[in-house]
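Since the structure comes first, as structure tokens, the remarks are kept for the end.
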There are 2 protein chains.
Amino acid sequence: MTSDTTIPSQEDYLLDEQVGYVLRLANQRHTTIFQSHDTSGLTATQFSAMLRLAQYGECSQNQLGRYSAMDVATIKGVVDRLRQKGLVCTKPFQNDKRRSLISLTSKGAAMIEGLETAGRKITKETLAPFNASERQKFINLLKKLT
Amino acid sequence: MTSDTTIPSQEDYLLDEQVGYVLRLANQRHTTIFQSHDTSGLTATQFSAMLRLAQYGECSQNQLGRYSAMDVATIKGVVDRLRQKGLVCTKPFQNDKRRSLISLTSKGAAMIEGLETAGRKITKETLAPFNASERQKFINLLKKLT
DNA sequence: CCTAAATCGTTTGTATGCAAATGTTAATAA
DNA sequence: TTATTAACATTTGCATACAAACGATTTAGG
């Protein structure tokens, strides 16, 4: 015989080498770092929605979800909680009875600059294991994956 | 005066450049790919727990959580659902009344090889935007981040 | 004009994910 | 040996995250 009856797999399957698993770990680490900074009581998801509102201005709820990469059900919960905190408000849209326009309140708008400052620190701390070259390489690869 | 009164930030803060945001997007993409493959009705989280059980053999619930990088509350839910599916079982641990031992059922054990095959495809498809060199570089950077 | 398709917001159901608190049991230190 | 500490499993509460279905409204095609 020229070969064994049991053919071994080309390589062991190691969970720790799988991109999905390691992505999950990286996310966990980032979440921990995020929560250790002062982001005015916002979660990372709420943070994203706030910054998108600041970036794009008032828009519909579903549009904000698309800007922020959130499902319609997810963005609804996020907007509800931001409204409870008094950071965003909603007004009906004249030309379309289906939708309403969401925008930052003055309280929410006043918060943006501080959020950006915190965000810079969070990104910096998250990428701390890298040197400058690795940092840029990593972000570029990550964006290529999206 | 040698400088303006308003000092512009060194750089704009762009959400799309922040590691946390892009990590979230990468995770979303991986989840979508995962769910498009046949993993016998398992979620990615359940998949991880199953493979860890196969790798380490029977262990306590909290230990399995540590192996799989899951909180005690999270691993409880995962184990509960795997038990409902008949893929794992629990037996009391003689020497310690606090813990019970979790192990794969024969049905669960029979599933492992297929899960690994699916897992290989999922990782390959997730990393498809990369060439071979980028692939390895990315995984290494990602692991360095953890 | 009118029907079919698309969009908007909402709701329900399932599954993470983590903080915090609880009760039980085991190990350790005084 | 007793008191403290630690580990285990469970539970509650909150916040994503997404699929699927729903009614209302708008748009587009015939």
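Order of the sequence lines sets the chain letters (A, B, ...), proteins ahead of strands, with each chain counted from 1. On a predicted model such as this, the values are computed, not experimentally measured, just so you know.
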Can you tell me the distance, in whole Å, between the [atom1] atom of [X] and the [atom2] atom of [N]?
| X | N | atom1 | atom2 | result |
| --- | --- | --- | --- | --- |
| A/N95 | C/dC8 | CG | P | 14 Å |
| A/R81 | D/dA17 | CZ | P | 10 Å |
| B/K85 | C/dT14 | NZ | C1' | 10 Å |
| A/N62 | D/dC22 | CG | P | 18 Å |
| B/K76 | D/dC8 | NZ | P | 16 Å |

Pick base, sugar-phosphate or nothing for [X], based on heavy-atom distances below 4.0 Å to the nucleic acid.
| X | answer |
| --- | --- |
| A/S60 | sugar-phosphate |
| B/D71 | base |
| A/S100 | sugar-phosphate |
| A/T43 | sugar-phosphate |
| A/K97 | sugar-phosphate |
| A/V78 | sugar-phosphate |

_Side chain B/R98 and base D/dA7 donor-acceptor under 3.5 Å_ =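 It does, because a donor-acceptor pair links the side chain of B/R98 to the base of D/dA7 below 3.5 Å.
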
| message | Please pick, from D/dC18, C/dT25, C/dT16, the nucleotide with the shortest atom-to-atom distance to any side-chain atom of B/D96. | response |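 Nearest listed nucleotide: C/dT25.
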
(Q) Heavy-atom nearest nucleotide on DNA chain C for A/Q28 versus B/R99: which residue maps closer to 5'? (A)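 Nearer the 5' end of the strand: A/Q28.
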
Walking DNA chain C from its 5' end, the first of B/Q46 and A/C59 to be reached, judged by nearest nucleotide, is A/C59

Is A/R52 close enough and on-axis enough to B/Y21, meaning under 6.0 Å and within 45°, for cation-pi?
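Flagged: A/R52 positioned over aromatic ring of B/Y21.
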
- [ ] Could you tell me whether the phosphate oxygens of D/dT16, OP1 or OP2, come under 4.0 Å of any side-chain nitrogen or oxygen in A/T74?
- [x]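 So the side chain of A/T74 is outside the cut-off, no N or O lying under 4.0 Å from OP1 or OP2 of D/dT16.
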
